[in-house]
Amino acid sequence: MMKLAKRMSLWVVLGAVFFMIIQVISDLYLPTLTADIINNGVAKGDTDYIWQVGFKMLGFSLISIAAATGNVLLASRESQKLGKTLRSDIYKKVSNFSNDEFDQVGTASLITRTTNDVVQIQNVVMMFLRMMIMAPIMLIGASFLAYSKDAQLTKIFIIVLPVLAIFIGLVMVFAVPLFKSIQKKTDKLNLVFREGLTGIRVIRAFNRSNYEADRFKEANQDYTNTAIKVNTIMSFMLPVMTFIMSATNIAIIWNGGHYIADGTLEVGNLISFMTYAMQILMSFMMLSMVFVFVPRGQASAARINEVLDMESKINDPKTPAQLPTTKQGTLDFNHVDFRYQGAENLALKEIDFHAKNGQVVAIIGGTGSGKSSLSNLIPRFYDVESGEIKIDGIDIREMKQHDLRNRVGFVPQKAVLFTGSIRDNLQYGKKDATDEEIWKALEIAQSKDFVSELPDGLDTFVEQGGGNFSGGQKQRLAIARALVKQPDVYVFDDSFSALDFKTDAALRKALKPEIKEAIVVLVAQRISTVVDADIIIVLDEGQVAGIGTHQELKETNVTYQEIISSQLREEEIA
Amino acid sequence: MSETKNNVKTAPKTGKGPGGGGPGARMPAEKAKNFWPTVKRLLKYMSGRSIAILVVFVLAIAATVFQIQSPKVLGEATTKIFEGFATAMKLRMSGVADAPITIDFDAVKTILFTVALLYIGSAIFSFLQQFIMTRVSQRTVFDLRRDLKDKMNKVPMKYYDTHTNGDILSRAVNDMDNIANTLQQSLTQMVTSLVMFFGVLYMMLTISGKLTLVALATVPLSLIVVGIVAPKSQKLFASQQKTLGLLNNQVEETYSGHVVVKAFNREQASIDVFEKENEKLLNVSWKAQFISGLIMPLMNFIKNVGYVFVAVLGGVAVANGTMTIGNVQAFLQYTSQFSQPITQLANLMNTIQSTVASAERVFEVLDEAEMNDEPSNIPAVLNSPSKVSFEHVQFGYGDRGADLLMTDFNLEVKKGQMVAIVGPTGAGKTTLINLLMRFYDVSGGSIKYEGVDTRDMTREELRQHFGMVLQDTWLFNGTIHDNIKYGNETKAGEDHILEAATAAHVDDFVRKLPHGYDTVLNEDASNISQGQRQLLTIARAFLADPDVLILDEATSSVDTRTEILIQKAMRKLLEGRTSFVVAHRLSTIRDADNIIVMNHGSVVETGTHDELMAKNGFYADLYNSQFSEEIAI
């Protein structure tokens, strides 16, 4: 937490503390002035003096509000600014992360760290600059003043403060685990309800509505019971706190009365002592809040620090290779081994193939065979463990990532579209792409029909996550986006499986004449998708089980035959 | 069903998704459309507990009254002490130099004892009040949640198709939470605040009318703060929340699509956009925090101003002998308690408004039309030769008669026959399943099961005869054993479950799991593979052992070996059953006794493969483009 807080300006923090001290002093001075009114004004019947002190009190109130305004201004500006800086630092950091780091932390977790965790830190800092520095200043100030008003009476706190501390401690001991458990039970309740929504067809088909109702009732009951328990404990809180404070008051008056009788205490001081006592107890309670908020902020801070301390494993070379002016148009995998970070086994082993312009390299294999891993190596989302990948004869690790990715058109397995118009999305790889270029890409990607049928055409707004398009449509738009870019190497990571056979075939047919000057790497599940490829690589558990054309593999390769037979039945193969 | 959902956009009314947090308490209140009727209805929900609520109110009032009394009584103690002190002072001034300060400690003791009793009483009452209210509110929300869940079982399928899960969940989670919190806190707070306000006012009046006027003069000041600053801060908070939402969306989008961002070299561009939004957020957020942070010091200042004037005027009054010192002390305490209920009531207005809006959204769901059972008035055919028949079926998803997708659909399926349903994606193959399972009812004509119109059976009765294996492999968060058992709770002996698991090739892989059948599937069942999930749903169907089977052939990819197992299991499941298969495989349509060809949501052709090919229509076209390639291999 301290590490993150370093991003704040020390002067501003000191300023906030300064204003807070002024505010607390003026607030604390009011009871002293009240005592003054009583001791010197009321007791002596001096009305002029009373008025004089009254104006002084008003003056202090004004100072207090001015100081409070100053404190709030600094606190809110600085806490939000810290939030902004943190968000920006994290975002920039994450933008440079390679897939390794994304895999390590998890995308969802990275999102929460950039959003919720930062908000959490902001809130804690805000709380800190206002409440938390107020509590100790107030506690010290009030204790000091109380002591100076009457030392004997402060003995009361020797009893009261431990009682209060024990009580707060007890409540925490009982309530905190319950708070945690209620969070879990809320999640469970929501989970069961959500399952009821997502599985509604299955539930009704199997006549399980009553069973679902029972399951929900159980979770509901469980949650309700815990909620009642938590709130019952919390119901103790306020009355007991109030009672402790009131008992303190009674004790002060009783003892104070005796001191007055002994002549060691003035009446006005008794009254202001009571006010200080309340302030001491209040700030003590405020201080106990620190124990609730700081750990929460601490957890967020730890998560944020983890991200900020992470270094991307994929970096540009110090002296990047110059790209040749004339393209050779080659892609080479030379004995490539690859392993996911921390994995025991190689994800890819001894991958070796060579392709040149105009060729289609198809990669086929079952789930977990390493197809996607292979395609992710080409744009250098991961680095190889040994061996090398070369484009135009240059190792991709020797190029700038920017240059490399300029030459690669990548279409991921899961189509990702961004909020904005269709045009914005398609211009993603080429900012100045004309409508003509865009329509051409759409035509090849078999999207011309549905896009032109949209009332707003290219200006149609794409909702978050492409929610207003079907899976197949999104995939085709993602393919078109890569086509607009006109790269040297296309990588289709299983991009065709969301399409029906007919569209798949039409797309590949339209693509063929467009890629004479490029290499296509195509990951696929379906035999029909790879049939026409120039090179088919059959992967099985990370290793090349066969390499060749469809005809060759069909006759000689067992794994390939297995794949065929799983997709078609005997008579169809024949 | 995702096909139909795409066209229906229901804007979720609450921006927050489930789990979405944020400082909700400060959000501006959403206005309810029918405020009072909704309040009445919510209160009706609690009416079963009206005695408890009455007790709570009485306790709340009692606790507050006790609490209000105590400063005045405590003040009397101070007065007694001061009197003793003052008498001694007078004596000393009149010459008795060492006149002792004699304080009537017996009287002080009695007073303090009374105060202690008042405090204890107040503490006990307020504890009891909270204790009871917790139970009342939690149980009320328990009922409300149960009713909502029950309702979800009664609404027609159409409701699910026209409302997003996010929208329904937000009502079941966020709105419900909102109601629970308000019932728990706000109701009694409102009562105590009101009692407090008037009680303090009364107590102040009994002490001094003049000072009360001074204290009352601060009320308009408080109202200005509450009425001007607070709404302004709410507005700023709303816009902060909105900007933060936009920013979070961008983070979500670029992080989940980071591969694309990188592949297209757009890192810098996305950072630029982010920085701009981030700057915007800072601009609204610090203002929001500042203005809202000012409210407390401002209220405090107003309180202090009141305090000063009371102290001064009170001091003057004591000096003049028109007031006792204890009363001034009590009055000072009352002054500081006076502004609290005003702020609290102002906050409550907001909370209550947003709660009523929440309650309204929940009631909206509870008021949805339920599935109705109208008998078809179509006589049953005894000993019908067909298992399932469609007779002149008309259907459309719109309201009765509007936008018909099927105008006159006829089909007869004999026992043991297999019907294949084919068509391009989005052709509406699910429509047919919807009708068969009575997820939707026909708009005209009749669907008969063994000669009886399906509308003349209960849905439960009908669905007992049907089994379903869909591509969407829905499994719940429970053990594998329980997930299989789901298929048939009544006959599910352990041996039956094992039998079904074996038949579906589930047994093999389950035995390899460390906890076997007791393995708990996690939330999205990602601890087993997609193919294994598919096998589990097949096992479920085996256990259900239905007469008629509805089967959706998987298009999604699973590894080769599992794929073979799935096909084997499905074939076994089909044996001897009447079946409807959404077909993606050539072999299936070739084997089918009848093929239903669908396009754009309606049935375009029916017949056997040969008949349809001979027709040379849509099917032939589809067949040639989709399946011929497989043959070419």
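Lettering of chains follows the sequences in order, A, B, ..., and the numbering in each one begins at 1.
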So do A/Asn96 and A/Lys92 actually touch side chain to side chain, heavy atoms under 4.5 Å?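 Of all side-chain heavy-atom pairs linking A/Asn96 with A/Lys92, none is under 4.5 Å.
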
Pairs of heavy atoms under 4.5 Å with chain B: top-ranked of A/Thr242, A/Asp46, A/Asn99: A/Asn99

For chain A, which of B/Ala269, B/Ala86, B/Ala77, B/Ala172 has the most heavy-atom pairs under 4.5 Å? B/Ala172

Could you work out, with salt bridge (Lys or Arg N to Asp or Glu O under 4.0 Å) as the rule, every residue matching A/Glu78, not counting sequence neighbours?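 Applying salt bridge (Lys or Arg N to Asp or Glu O under 4.0 Å) to A/Glu78 gives none.
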
Can you name the salt bridge (Lys or Arg N to Asp or Glu O under 4.0 Å) partners of B/Arg145, sequence neighbours left out?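 B/Arg145: no salt bridge (Lys or Arg N to Asp or Glu O under 4.0 Å) contacts found.
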
Heavy-atom distances under 4.5 Å only: say whether [X] touches chain B with side chain, backbone, both or neither.
X	result
A/Asp187	neither
A/Met274	side chain
A/Tyr428	both
A/Met126	side chain
A/Glu212	both
A/Pro379	neither
A/Thr503	neither

Report the C-alpha separation of A/Asp27 and A/Ser64 in whole Å, then their side-chain angles, then the decisive distance to 0.1 Å, and conclude whether the side chain to side chain donor-acceptor pair (under 3.5 Å) test is met. CA-CA 6 Å; A/Asp27 280 349; A/Ser64 162; 2.9 Å; yes

Chain A heavy atoms under 4.5 Å from B/Met133: which part of the residue, side chain, backbone, both or neither? neither

